Asks: 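Quick one: the structure is below, questions incoming.
Residues take their numbers from the sequence shown, with the count starting at 1. These numbers were taken from a predicted model, which means no experiment stands behind them.
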Amino acid sequence: MAAAASRSLTLDVTMVHDIPRGRGRAASQSSSAVLSENPTVLDAETDRFIREQMLLPTLDTARQVVATQPEKDTTTPRLAHMVLDDISKLPEVSRELAQHLFDTQSGSASSGIFIASKATLNGKPVLVLIKAEHQEGVRLQQSGTAQHVAFRVEHISELIVGANSKVYKIAVLWFDEFSKQVEGLMVDKQNGVAYAGYFLHEFLEMSLRHRAEVTTKEFLEAVNKFVQGSNFSAEKKLRYTGALAATLESPNPQVDPTNFIRTFIDKDDRDALAQSLPQQAKAPFTKDTKLVQSRIGGVQLRFGRDGQNLVQIRASQEALDQDMLEVGPDQVTVKAPPDSVEPSGPPR
């Protein structure tokens, strides 16, 4: 993907709507989004702020997404195609999209503004969708009557958008003439390398084009579930889990599940593990650890009684390789003195 600096982006027509917190009457006093009737005129500074602070810096880390259902059976892909064909439909389409976002977002979702802009990215017509916090660089001012709401967006120059910016979710969508389907880019800054399922699957009604990160996560979860759900000894659980962590952290760009089972799993357990893997994780796949980065590189042992988590031990893969941790049937032995001993709260 080209660097952000080489991209050309213009915002042609922009609509702004207000999205209450959560969803429905149980989550807020409003049962719907507050919808604007007319396009919002962006002054030069606000236009620059949205393009150069909200949008362009995020596109290098965006995920490629693609519609996977027939367009007629969807909301967002169908409406996106409609407005890309006819810019005059943006006010109507954006109101329906704003309400669709409010209806599909999780109950804990924060309030914010929803921006829908017919734009041009490197000469290609695109639809830009943004959900952001009210306070993050723009101030929303409502005018008009209850029947004819309009909004004015004012840039707040003293705020700086950086790594902690609360620009939540972004989608840039276009219609691909070759595949005859809506495609695009998605960024979820709120969730880092992860993403909110409701935004991708329920609101956008799309899927990731490249599923390596999902398959990697499913492989880890399937092996972990098999190990934890079996009546194995503590030593065997540690050995299998350590092998899983090492496999996912290795520089090898691919995971071969058959080779993993043959190399690390005892003969009597191989068939059961092979059957427990999801279909997409049975054949070799490209490894992408974005979604599991916090769960690899070592192991965690938990000890409890009566539902209480009394002790936690975390060990890096290096500690396991150097035999600093020994797990027996009745005890765990740490074969190294601690670097420090400090007061601490109990394990969570």
Asks: Taking atom CZ of Arg95 and atom CG of Leu79, what is their separation to the nearest 0.5 Å?
Replies: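 It is 12.0 Å, given to the nearest 0.5 Å.
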Asks: Restricting to non-hydrogen atoms, name the atom on Lys237 and the atom on Val227 that form the minimum distance, rounded to 0.1 Å.
Replies: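 Lys237 and Val227 have their closest heavy atoms at CE-O, 3.5 Å.
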Asks: Going hydrophobic residue to hydrophobic residue with side-chain gaps under 4.5 angstrom, can you get from Ile115 over to Leu35?
Replies: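 Cluster IDs for Ile115 and Leu35 differ.
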Asks: Would you check, one step at a time, whether the test side chain to side chain donor-acceptor pair (under 3.5 Å) holds for Lys287 with Ser250?
Replies: CA-CA 10 Å; Lys287 181 174 64 180; Ser250 77; 3.2 Å; yes
Asks: Any side-chain heavy atom of Leu90 within less than 4.5 Å of one from Leu127?
Replies: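 Side-chain contact under 4.5 Å: yes.
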Asks: Under 3.5 Å, is there a donor-acceptor pair between the side chain of Lys282 and the main chain of Ala274?
Replies: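 Checked: pair present.
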Asks: Do the non-hydrogen side-chain atoms of His81 and Gln181 ever get within less than 4.5 Å of each other?
Replies: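 No - every pair of side-chain heavy atoms lies 4.5 Å or more apart.
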Asks: Between Ser117 and Val13 (side chain of the first, backbone of the second, donor and acceptor by atom type, cut-off under 3.5 Å), is there such a pair?
Replies: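 The answer is yes, because a donor-acceptor pair under 3.5 Å joins these two groups.
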Asks: Donor-acceptor check, side chain of Arg51 to backbone of Leu56, threshold 3.5 angstrom: yes or no?
Replies: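 Side chain of Arg51 to backbone of Leu56, a donor-acceptor pair under 3.5 Å: no, none is there.
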Asks: Give a yes or no answer on whether the side chain of Ser94 reaches the backbone of Pro91 with a donor-acceptor pair at less than 3.5 Å.
Replies: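 Yes, Ser94 side chain to Pro91 backbone: donor-acceptor pair under 3.5 Å.
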Asks: Would you please test Phe175 and Asp85 for side-chain contact (heavy atoms from CB on, under 4.5 Å) and show each step?
Replies: CA-CA 9 Å; Phe175 184 76; Asp85 270 350; over 6 Å; no
Asks: Is the shortest distance from a Lys or Arg side-chain nitrogen in Arg239 or Asp266 to a carboxylate oxygen in the other one below 4.0 Å?
Replies: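 Judged by the 4.0 Å cut-off on N to carboxylate O distance, Arg239 and Asp266 do form a salt bridge.
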Asks: Going by the rule salt bridge (charged side-chain N to carboxylate O under 4.0 Å, His left out), which residues pair with Lys180 if we only count those two or more places apart in sequence or in a different chain?
Replies: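 With neighbours one apart ignored, the set is Glu177.
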Asks: Report yes or no: does Glu183 contribute a side-chain atom to a donor-acceptor pair with the main-chain N or O of Val66 at less than 3.5 Å?
Replies: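 No, the answer is negative, given that no donor and acceptor are paired below the 3.5 Å cut-off.
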Asks: Enter the distance from Glu71:CD to Thr75:OG1 here, rounded to the nearest 0.5 Å.
Replies: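 Reported value, rounded in 0.5 Å steps: 11.0 Å.
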Asks: Check for a donor-acceptor pair, side chain of Gln280 on one end and backbone N or O of Thr215 on the other, with a separation under 3.5 Å.
Replies: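 The answer is no, because no donor-acceptor pair under 3.5 Å joins these two groups.
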Asks: Quick one: does any side-chain atom of Arg7 pair with a main-chain N or O of Leu121 as donor and acceptor, under 3.5 Å?
Replies: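 Absent.
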Asks: How long is the span from the OG1 atom in Thr289 to the CD atom in Glu213, to the nearest 0.5 Å?
Replies: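 Atom-to-atom, Thr289:OG1 and Glu213:CD are 10.0 Å apart.
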Asks: side-chain contact (heavy atoms from CB on, under 4.5 Å) between Val65 and Leu208: does it pass, once the steps are laid out?
Replies: CA-CA 4 Å; Val65 295; Leu208 297 177; 4.2 Å; yes
Asks: Less than 4.5 Å apart, side chain to side chain, heavy atoms only: is that true for His17 and Val34?
Replies: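 Counting from C-beta outward, His17 and Val34 never come under 4.5 Å.
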Asks: Quick one: CG on Leu200 to CZ on Arg63, what's the gap to the nearest 0.5 Å?
Replies: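 With rounding to 0.5 Å, CG (Leu200) is 9.5 Å from CZ (Arg63).
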Asks: Quick check: do Thr120 and Pro125 have side-chain heavy atoms less than 4.5 Å from each other?
Replies: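 No, too far: nothing below the 4.5 Å cut-off.
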Asks: For Ala33 versus Gln99, what's the shortest heavy-atom pair and its separation?
Replies: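 Looking at all heavy atoms of both residues, the closest pair is N-OE1, 3.1 Å.
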Asks: Describe, in one word, how the ring planes of Phe203 and Phe114 are oriented to each other, choosing from parallel (under 30°), tilted (30 to 60°) and perpendicular (over 60°).
Replies: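 Because their plane-to-plane angle is over 60°, the rings of Phe203 and Phe114 count as perpendicular.
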Asks: Can you tell me how far CG of Asp43 sits from CD of Glu45, rounded to the nearest 0.5 angstrom?
Replies: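 One finds 7.0 Å between CD of Glu45 and CG of Asp43.
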Asks: As an exercise, state the distance from OG of Ser36 to CD1 of Ile113, rounded to the nearest 0.5 Å.
Replies: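 Reported to 0.5 Å precision, the distance equals 11.5 Å.
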Asks: Check whether any side-chain heavy atom of Met206 lies under 4.5 Å from a side-chain heavy atom of Met186, and answer yes or no.
Replies: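 Contact flag for Met206/Met186 side chains = no.
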Asks: Determine whether a donor-acceptor pair (N or O, by modelled atom type, separation under 3.5 Å) exists between the side chain of Gln254 and the backbone of Pro284.
Replies: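 Not a single qualifying donor-acceptor pair exists.
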Asks: Indicate the atoms forming the closest heavy-atom contact of Val83 with Lys89, along with that distance.
Replies: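 What the structure gives for the nearest pair is CG2-C, 4.0 Å.
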Asks: Measure the shortest side-chain to side-chain distance between Glu221 and Lys225 over non-hydrogen atoms and say whether it is less than 4.5 angstrom.
Replies: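 Answer no - side chains too far apart.
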Asks: Please find the pair of heavy atoms, one from Thr74 and one from Glu205, that lie closest to each other, and give the distance.
Replies: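 What the structure gives for the nearest pair is CA-OE2, 3.6 Å.
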Asks: Should Leu11 and Leu55 be marked as a side-chain contact (heavy atoms from CB on, under 4.5 Å) after you check the CA-CA gap, both sets of side-chain angles, and the distance that decides it?
Replies: CA-CA 11 Å; Leu11 304 177; Leu55 289 171; 4.2 Å; yes
Asks: Is the distance between the ring centroids of Tyr240 and Phe226 less than 6.0 Å?
Replies: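 Centroid distance Tyr240-Phe226: not below 6.0 Å, so no.
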Asks: Is the shortest side-chain heavy-atom distance between Val223 and Thr241 below 4.5 Å?
Replies: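 Side chain of Val223 against side chain of Thr241, heavy atoms only: no contact under 4.5 Å found.
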Asks: Using every non-hydrogen atom in the two residues, find where Gln69 and Asp73 come nearest and quote the distance to one decimal.
Replies: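 So the minimum-distance heavy-atom pair works out to OE1-O, 4.3 Å.
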Asks: Are Phe49 and Leu59 joined in one hydrophobic group, where the rule is that I, L, V, M, F, W and Y side chains link up if heavy atoms are under 4.5 Å apart?
Replies: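 The answer is yes; both residues are in one hydrophobic cluster.
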Asks: Considering only heavy atoms from C-beta outward, does the side chain of Lys118 approach that of Leu84 to under 4.5 Å?
Replies: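 Yes, their side chains come closer than 4.5 Å.
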Asks: Mind running side-chain contact (heavy atoms from CB on, under 4.5 Å) on Val292 and Thr216 for me, showing each step along the way?
Replies: CA-CA 8 Å; Val292 299; Thr216 302; 4.2 Å; yes
Asks: Of all the heavy-atom pairs spanning Pro77 and Leu204, show the shortest one and how long it is.
Replies: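 What the structure gives for the nearest pair is CD-O, 3.3 Å.
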